[in-house]
Chemist: 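This is the structure I want to talk about, given as structure tokens.
Residue numbers begin at 1 in each chain, while the letters A, B, ... track the order of the sequences. Just the heavy atoms: all of them, side chains too, but no hydrogens, waters or symmetry mates, feed the values below. Note that this is a predicted model, so its numbers are computed, not measured.
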Amino acid sequence: MEYKAINNNIELIQPDFDLDETLDCGQAFRWERLPSEYECTYSGFFLDRPLEISQDKGKFIFHNTSEKDFLNIWKDYFDLETDYGKIKGILSQDETLKKACEFAGGIRLLKQNSWECLCSFIISQNNNIPRIKGIIARLCDHYGHFPSAAEMAQETVDSLGYLRSGFRAKYLIDAAQKTASGEIELDKIKEMPIEEARKALMTVKGVGPKVAECVLLFGMHRAEAFPVDVWIKRVMAEYYPGGLPECAAGNEGIAQQYLFHYIRNMEK
DNA sequence: TTCCAGGCGTATC
DNA sequence: GATACGCATGGA
């Protein structure tokens with residue numbers, strides 16, 4: 001990881017990283033693409049810390065960011081110390097995965113907050129990405145930040161009406177109540193053996209296999225989690241009827257991200 | 001108008 | 001344990 005502090009910014013040179021692919025691929029929903037003098041600029045949040053970040057000719061600019069925040073927060077959030085080039089090299093032993101890596105090789109797994117991720121993927125079910133973003137934006141506007149489990153546990157289906165989240169509101173409230181009461185402990189689930197962690201997450205109403213897997217992958221950084229949605233079902237049926245190849249072992253979730261992006265854009 | 005969107009709960013067999 | 005169906009909302 002090669003970076004410099006210049007004026008109030010951090011400038012980073014980082015291979016295997018692309019902002020469009022990483023921030024607009026359906027793993028996080030609070031990043032917004034801005035008009036920019038650079039190749040691209042996004043503004044968004046991790047927890048409630050704002051960031052504006054730009055990409056230009058292989059260089060990344062973290063605007064108005066101290067070296068301390070960069071090292072303590074953003075380095076981890078963007079998973080900057082994981083060697084994705086090495087992972088792609090291993091995955092590329094498989095022909096289809098090789099193509100997917102070449103197509104969307106700038107995706108990195110964001111290390112998101114588990115509670116926010118749980119809410120986000122409850123909202124995602126039977127929904128589309130623009131509407132998921134809208135619901136989360138209304139939620140954050142309402143509170144002025146992403147609400148804690150304790151805050152959301154006070155809500156009712158009626159009080160959440162402004163979200164227009166439909167049948168998902170009751171699931172958010174159940175997740176909040178179980179988290180706030182300690183009935184589920186996200187920090188402990190994060191460390192559990194994966195089968196046990198899946199079961200614990202699925203005790204929340206509205207959390208099935210797909211949402212649980214997304215929370216494990218995007219909110220708990222479990223790279224072996226493998227969310228299967230309609231798109232990945234298509235990939236599996238077409239290329240991997242017998243399951244993922246051996247080279248994906250331990251990195252199933254990263255492979256999933258490359259494959260998801262690849263198949264979606266191939267069929268457009 | 002009808003269909004669909006990074007699914008899940010419930011009923012039924 | 002497998003399969004069918006309804007579900008809130010809004011854009012195409």
Chemist: In terms of the angle between their ring planes, are Phe78(A) and Trp31(A) parallel, tilted or perpendicular, with boundaries placed at 30° and 60°?
Modeler: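 Correct class here is tilted.
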
Chemist: Quick one, which residues of residues 154-177 of chain A touch DNA chain C with a heavy atom under 4.0 Å?
Modeler: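 Contacting residues: Arg164(A), Gly166(A), Phe167(A), Arg168(A), Lys170(A).
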
Chemist: Categorize Gln257(A) for me: base, sugar-phosphate, or nothing, with a 4.0 angstrom heavy-atom threshold over every strand shown.
Modeler: base

Chemist: What contact category does Pro209(A) fall into here, base, sugar-phosphate, or nothing, at under 4.0 angstrom with non-hydrogen atoms?
Modeler: sugar-phosphate

Chemist: Using the P atom in both, what is the distance from dG10(C) to dG9(B), to the nearest Å?
Modeler: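 To the nearest whole Å, 23 Å.
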
Chemist: What orientation do Phe260(A) and Trp231(A) show, parallel under 30°, tilted 30 to 60°, or perpendicular over 60°?
Modeler: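 Rings of Phe260(A) and Trp231(A): perpendicular, as their planes differ by over 60°.
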
Chemist: For Glu155(A) and His142(A): C-alpha separation, side-chain torsions, deciding distance, then whether side chain to side chain donor-acceptor pair (under 3.5 Å) applies.
Modeler: CA-CA 12 Å; Glu155(A) 302 286 357; His142(A) 179 82; 4.5 Å; no

Chemist: Could you state the atom-to-atom distance from NZ of Lys133(A) to P of dG11(C) in whole Å?
Modeler: 15 Å

Chemist: Atom CZ of Arg131(A) and atom C1' of dC3(B): how far apart are they, to the nearest Å?
Modeler: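 In whole Å, dC3(B) C1' and Arg131(A) CZ are 15 Å from each other.
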
Chemist: Phe45(A): what forms a ring-ring contact (aromatic ring centres under 6.0 Å, His included) with it, not counting sequence neighbours?
Modeler: none

Chemist: Rounded to whole angstroms, how far apart are CG on Asn126(A) and C1' on dC4(B)?
Modeler: 8 Å

Chemist: Round to a whole Å and report the spacing from CD1 of Ile135(A) to P of dT9(C).
Modeler: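 Distance, rounded to whole Å: 10 Å.
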
Chemist: Rounded to the nearest Å, what distance is computed from the NZ atom of residue Lys210(A) to the P atom of nucleotide dA5(B)?
Modeler: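 Atom-to-atom, Lys210(A) to dA5(B), this comes out as 13 Å.
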
Chemist: May I ask you to decide whether Arg33(A) forms a salt bridge with Asp20(A), counting only side-chain N to carboxylate O separations under 4.0 Å?
Modeler: yes

Chemist: Between dG6(B) and Phe121(A), is there a base-stacking contact, meaning the centre of the base's six-membered ring lies under 5.5 Å from the residue's ring centre while the planes stay under 30° apart?
Modeler: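 Phe121(A) ring does not meet the centre or angle cut-off for dG6(B); no stack.
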
Chemist: Can you say whether the rings of Tyr262(A) and Phe103(A) are parallel (under 30°), tilted (30 to 60°) or perpendicular (over 60°)?
Modeler: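 Judged by the thresholds at 30° and 60°, the geometry between Tyr262(A) and Phe103(A) is perpendicular.
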
Chemist: For Val228(A), which contact category applies under a 4.0 Å heavy-atom criterion: base, sugar-phosphate, or nothing?
Modeler: nothing

Chemist: What integer number of Å spans the C1' atoms of dG11(C) and dC8(B)?
Modeler: 23 Å

Chemist: With sugar-phosphate meaning primed atoms plus P, OP1 and OP2, does Gly26(A) contact a base, only sugar-phosphate, or nothing at under 4.0 Å between heavy atoms?
Modeler: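 Contact class for Gly26(A): base.
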
Chemist: For atom P, what is the distance between dC5(C) and dG6(B), given to the nearest Å?
Modeler: 23 Å

Chemist: Should the pair Arg30(A)-Asp48(A) be classified as a salt bridge under the 4.0 Å nitrogen-to-oxygen rule?
Modeler: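 Judged by the 4.0 Å cut-off on N to carboxylate O distance, Arg30(A) and Asp48(A) do form a salt bridge.
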
Chemist: Might you confirm whether atom NZ of Lys98(A) has over 12 heavy atoms from other residues, nucleotides or ligands at distances under 6.0 Å?
Modeler: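 No.
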
Chemist: Looking at DNA chain C, which of residues 103-118 of chain A put a heavy atom within less than 4.0 Å of it?
Modeler: none

Chemist: Can a donor-acceptor pair under 3.5 Å be found between the side-chain atoms of Asn127(A) and the base atoms of dA8(C)?
Modeler: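 There is none.
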
Chemist: Give a yes or no on this: more than 12 heavy atoms of other residues, nucleotides or ligands lie within 6.0 Å of atom CZ of Arg49(A).
Modeler: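 For Arg49(A), atom CZ is not crowded (no more than 12 foreign heavy atoms under 6.0 Å).
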
